[in-house]
Amino acid sequence: MAECGRVDSNTSHTMDKSITLPPDEIFRNLENAKRFAIDIGGSLTKLAYYSTVQHKVAKVRSFDHTAKAAAGDKLYEISMQEEVTARLHFIKFENAYIETCLDFIKDHLVNTETKVIKATGGGAHKFKELIERKLGLKVDKEDEMTCLIKGCNFVLKNIPHEAFVYAKHADSEFRFQTTNPDIFPYLLVNIGSGVSIVKVESEDKFERIGGSSIGGGTFWGLGALLTKTKRFDELLQLASKGQHASVDMLVKDIYGGSYGYLGLTGDLIASSFGKSATADKDFSKEDMAKSLLHMISNDIGQLACLYAKLHNLSRVYFGGFFIRGHPVTMHTITYSINFFTKGEVQALFLRHEGYLGTIGAFLKGAEEDNPNQYSWGENYAGSSGLMSVSPDMNPMQRARSGTFDMLEMDRLERQLVNLPLLQDPSSYIPDTVDLTEDALAREYWLYCFEEALDGVVKRAVASQPDMPEAALRAEKFRQKYRHKLQTLRQQPFAYGSLTVRSLLDTREHCLNEFNFPDPYSKIKQRENDIALKYYQKAVKSLDELSWEEKQFALVQGVLAGNVFDWGAKAVSDVLESDPEFGFEEAKRQLEDNSGVDIILGVMPFVRELLSRGTEVVLASNSGPALNDVTNGELQILTERIAAMDPVIEAGLREDRLLLVQSGSSSPCLDLSRLDKVLAMVVRERQTDLVIIEGMGRAIHTNYYAMLSCESLKMAVIKNSWLADRLGGKLFSVVFKYEVPAGKPNKDCGAFSPS
Amino acid sequence: MDKAKSMVDKKGASGPFHVNNGQSQKVFHSHVMVATNGSCCSSSSNAFGSSTVPSGSGTFENMHHLHRGDDAECSGSPAKRCRLRRRTESVRKHRPPFPWFGMDIGGTLVKLVYFEPVDITAEEEQEEVENLKSIRRYLTSNVAYGKTGVRDVHLELRNLTMCGRTGNLHFIRFPTQAMPRFIQMGRDKNFSSLHTTLCATGGGAYKFENEFRMMADLELLKLDELDCLIRGLLFVDRVGFNGHPECYYFQNPSDTQSCVKKPCTLDNPFPMLLVNIGSGVSILAVYSENNYKRVTGTSLGGGTFLGLCCLLTGCETFEEALEMASKGDSTNVDKLVKDIYGGDYERFGLQGSAVASSFGHMMSKEKRDSISKEDLARATLVTITNNIGSIARMCAVNEKIERVVFVGNFLRINTVSTKLLAYAMDYWSKGQLRALFLEHEGYFGAVGALMELLKTTEDP
């Protein structure tokens, strides 16, 4: 009966109209908003809308060959274009602000196509009239449970690290779960004022298999009666300080010790409130609140286990206002589940649990747009992340810090799926080091990204010399990203497991937010121009080598090219100080000739594979990330190379060389979220060798990835701290070739350059 | 149990071989008691069970278990003869000496069953030690003991034959809190001299074991509470309730108007789900008298009801709490489905009258200020009862058992709960499950303990 819980006439906050909303941060992109949904609970309102975001994107376009002279020597042009992308905005705020928020929306809403607002939650009824009057939209009520399930499916599918296990006393309290591509079936235990237990079997098939009237409302209502404490948060606060053993009758109170015969330990609660059946004793509020919390959590946990057992389900998610990020309740529920299932079932919680209802209501309204056919990604720049929920924090403080919480989801251009060659998709973890758990590594990388921030800002400004306000935007970017880093220092779990990848992605998201879509585009352009001039010379000198020397040189070429990574601290330090550094320096470090990553490193390697008769699928980023080549750039480069190189030309013509986008816009690579087309090609071509190149893709991620075919991971360690950690020197080479049992041949290689 | 002072107010004993020489009592308590085989023993208080002196021989009528050969063995020193006797007793399975008690020391209540023999012959009466007599008289002529001890007269099982003796089985309860006083009394009245085995079950058998030993020189025979519960239950069901069935159920549980209590028998009782609601709750799946498992338990039991009621209403006793509950209306406290949806929640087949959130209305200050203590007591009762019903139902489904038997003192004088449980089992299982109840709700553990005492000789 979860849904029931949200109505609460008690939380009669005064309608605070005096607050001013910072429009830059809250209700962003409202002018283009078109679909609305609202979920009004007992104390919080969650608003959802769909909007479009205009972004500058760097597009590359090949020059017409006839006009080549006019364009100088550049091989392609870069133009900044406006691109419109779809974004979902979700905002959570206290019901007290609802009127202010509605006014704000009314004043800023430009789009007038919208006629209906989808509504769910117990409070939807109460505020129906207000919403209709303020916004002039018809309130269309949707079933709560349906919305909840829809929302749950959506976050489980689209947000990596959505679900976590809570372990109060572990090094990191939150243990995020890897995204299992197959999310069904699962059990959702929604603890609102009552409890609903729902079995979800597929996108549209779910059933309320049980419930209980003992839920959050019981804790709140009974707690208020017993302790004269009105607020839910304050009750939890009391509970976290109490000693339940003074109120509860424990096994040892009855037995004098444990009940060994049944394996019941002495500290087990035999009878909740069993000691309070007396008139001549006073009990502290804290102790009673604690006892009540245990009683309710244990009861819910027990029922959940009974239902999980009956329906043979091992994934049990808990949500509802009783849970909502409260460490106290997550801990007691986890404890209860462990106790009753002896560890067979884990209690799982969701980062965006509070948004499920509104996401679902929104999806109901957007059904005609088929939102489920797209992949979505959490935008780290626009999302608040999981709030710190320390039980020691003053509840008032907590309430304020959580006043406006946001989640933004970008609609991705491409649908993302697993790499079909993953040995076990359900256990695949892209990231090599989990910084949430590794405090030392976390410390270092946060410091590293903070140190690098000035350089990134400088480059961002430099990338847009014609735009005078670029400096201002870059400054805003700096503030935003620095704030994110500070948040992550306090709450490493804010966006799921903290990793080098997530730090890099967050930076990309922040850069995009302030219209710096590709700060490296010009540098890449220049490098590519230069490298292209060397291409033929490089290929020629390679061809002069003996077979063995050639193989060695080819690999060195790939690795040397890999040194040109502006993201790596050691490299960018050198590059910033000496603009002439680059190719020659890299050669010196590796003592051999090479070329810039893609043209002089990867292409000759590809060429060699092609000339052996190997089919090559060359996968590259869909969108820009640092100085990594994008698929768009690579298309042009390959065309140009093909014009000078018959081997590449033949490869393209005969369809033995395919250029496919990876679906990623990150310097790292998540093999569980790859472009559907790439996955299809990999499957169709029966790829039997995967080469992953570069520090981001082969070291920070995928170092431990197990594939069902042969794989080669190659990179140069460009970070001295990491080199130390791995027990090597700066600029050491990682060349990791793995063969799964019984797979000898290779006919076709997939290649993913950095 | 203040009145219990009179229980064994006379020291010494009367009998053919009584050796009461006053001054030497502390060294050699010469109380004479009926030994297992009907012969008399005198005993020493500081050596319970180890230095009984057999004296006299089978002079009683009801001595069909007595083997004449015993006398031949009763030679040598008294102590040696006694040891011999005890050994042979255990082999030959003789009747234990009176008094026969079975005790179940729970978290809240102590349940005591006492077998009062009514077939005592004149000789037997004469031989009976005064202590024993006074215990019998005290227990059977009172219905209340001290401030808090109560004999449930209406539950008395009359003319019961146990172990070859005919008598009445009495059912007595008092709060576990009074346990120290009870032990004190045992000491004051020199209970240990009676030389009976005190069979005890429940957690208190363990918790108070030392106190019994130290304070009253009594050695408890500790028994597992679940073993006792099942054995006692099956026994009482078998012997019936003074000619009536022990078991009952509710006909038409879903209809408050036509819902009536109907007696029934537990013929072929297995498998059954046994839900014992004491301070806490234990749920057992019982497949035969000796084959059962504890499926689960919950800490939300009778103790929770009473504990919360005391905190919420200031009441002090179970009776008071139930009295209030019977007058209250829980819908003023609980939030119902219809309070949220205006009616049924059809999408999930939930009736509007179903409780959506126990105490859910109490989130609102207005509502908190407007409800009565009676409403709160009722809501507490309904909440606890429904929850037990819900867990029991899930266990029954998981264990594939259709018969759910509810016992325990929480159900005493508690028709609100029994009817609610009957309704919940029927409604939520769509008639698949049947809730059964037993008249002697909370006493089966104690009966089981008594049976352990008589086990060696019990006639089936």
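For the numbers below, each heavy atom of this structure counts, side chains included, while hydrogens, waters and symmetry mates do not. All of these numbers come straight from a predicted model, not from anything done at the bench. Below, chain A is the first sequence line, B the second, and so on; all start at residue 1.
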Taking side chain as everything from C-beta outward and backbone as N, CA, C, O, which of these in [X] sits under 4.5 Å from a heavy atom of chain A? Side chain, backbone, both or neither.
{"X": "B:Glu346", "result": "neither"}
{"X": "B:Leu226", "result": "both"}
{"X": "B:Glu209", "result": "neither"}
{"X": "B:Asp227", "result": "side chain"}

Exercise. Within the distance-only criterion (no hydrogens, no angle test), does the side chain of A:Gln302 pair as donor or acceptor with the backbone N or O of B:Gly297 below 3.5 angstrom?
Worked result: yes
Problem set entry | Donor-acceptor pair, side chain of A:Thr218 and main chain of B:Ser358, under 3.5 angstrom | yes
For this session: Would you mind telling me which of B:Asn386, B:Leu308, B:Leu312 has the largest number of heavy-atom pairs within less than 4.5 Å of chain A?
Result: B:Leu308
Exercise. Using a cut-off of under 4.5 Å for heavy-atom pairs, which of B:Arg294, B:Glu316, B:Met394, B:Gln177 has the most such pairs with chain A?
Worked result: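 Ranked by contacts with chain A, first place is B:Met394.
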Where on [X] is there a heavy atom nearer than 4.5 Å to chain B: the side chain, the backbone, both, or neither?
{"X": "A:Met249", "result": "side chain"}
{"X": "A:Leu264", "result": "side chain"}
{"X": "A:Leu222", "result": "both"}

Measuring from atom [atom1] of [X] to atom [atom2] of [Y], what distance do you get when rounded to the nearest 0.5 angstrom?
{"X": "A:Lys275", "Y": "B:Thr108", "atom1": "NZ", "atom2": "OG1", "answer": "12.0 Å"}
{"X": "A:Asp248", "Y": "B:Thr304", "atom1": "CG", "atom2": "OG1", "answer": "8.0 Å"}
{"X": "A:Ser193", "Y": "B:His361", "atom1": "OG", "atom2": "NE2", "answer": "10.0 Å"}
{"X": "B:Thr296", "Y": "A:Lys309", "atom1": "OG1", "atom2": "NZ", "answer": "9.0 Å"}
{"X": "A:Ser271", "Y": "B:Leu300", "atom1": "OG", "atom2": "CG", "answer": "8.0 Å"}
{"X": "B:Cys395", "Y": "A:Leu310", "atom1": "SG", "atom2": "CG", "answer": "10.5 Å"}

Is it true that atom [atom1] of [X] has more than 12 heavy atoms of other residues, nucleotides or ligands lying nearer than 6.0 Å?
{"X": "B:Asp369", "atom1": "CG", "result": "yes"}
{"X": "A:His311", "atom1": "NE2", "result": "yes"}
{"X": "B:Glu319", "atom1": "CD", "result": "yes"}

Closest heavy-atom contact between [X] and [Y]?
{"X": "A:Glu144", "Y": "B:Tyr345", "value": "N-OH, 4.2 Å"}
{"X": "A:Asp253", "Y": "B:Lys207", "value": "O-NZ, 2.7 Å"}
{"X": "A:Ser212", "Y": "B:Asn387", "value": "OG-OD1, 4.4 Å"}
{"X": "A:Trp220", "Y": "B:Met363", "value": "CE3-SD, 3.3 Å"}
{"X": "B:Cys310", "Y": "A:Ser276", "value": "CB-O, 3.4 Å"}
{"X": "A:Ile254", "Y": "B:Gly106", "value": "CG2-C, 4.3 Å"}

Exercise. Taking A:Phe232, A:Phe219, A:Tyr255 one by one, which has the highest count of heavy-atom pairs under 4.5 Å against chain B?
Worked result: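 Heavy-atom pairs under 4.5 Å are most numerous for A:Tyr255.
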For this session: For chain B, find which of A:Ser272, A:Ala224, A:Ser291 contributes the most heavy-atom pairs closer than 4.5 angstrom.
Result: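 The candidate making the most pairs under 4.5 Å is A:Ser272.
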Seminar exercise, completed: Taken in chain and number order and not counting sequence neighbours, the residues that satisfy ring pair (Phe, Tyr, Trp, His ring centres under 6.0 Å) with B:Phe208 are none
Exercise. Would you call B:Ser390 and A:Leu303 a side-chain contact if the rule is heavy atoms closer than 4.5 Å?
Worked result: yes
Exercise. Do A:Asn298 and B:Thr298 have side chains that get closer than 4.5 Å, going by heavy atoms?
Worked result: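 They are not in contact (no side-chain heavy atoms under 4.5 Å apart), so the answer is no.
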Exercise. Listed by chain and number, what are the side-chain hydrogen bond (donor to acceptor under 3.5 Å, both in side chains) partners of A:Tyr335, not counting sequence neighbours?
Worked result: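 Checked A:Tyr335 against side-chain hydrogen bond (donor to acceptor under 3.5 Å, both in side chains); zero matches.
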For this session: Report the C-alpha distance between A:Tyr307 and B:Val397 in whole Å, list the side-chain angles of each, state the deciding distance to 0.1 Å, and finish with yes or no for side-chain contact (heavy atoms from CB on, under 4.5 Å).
Result: CA-CA 10 Å; A:Tyr307 280 102; B:Val397 176; over 6 Å; no
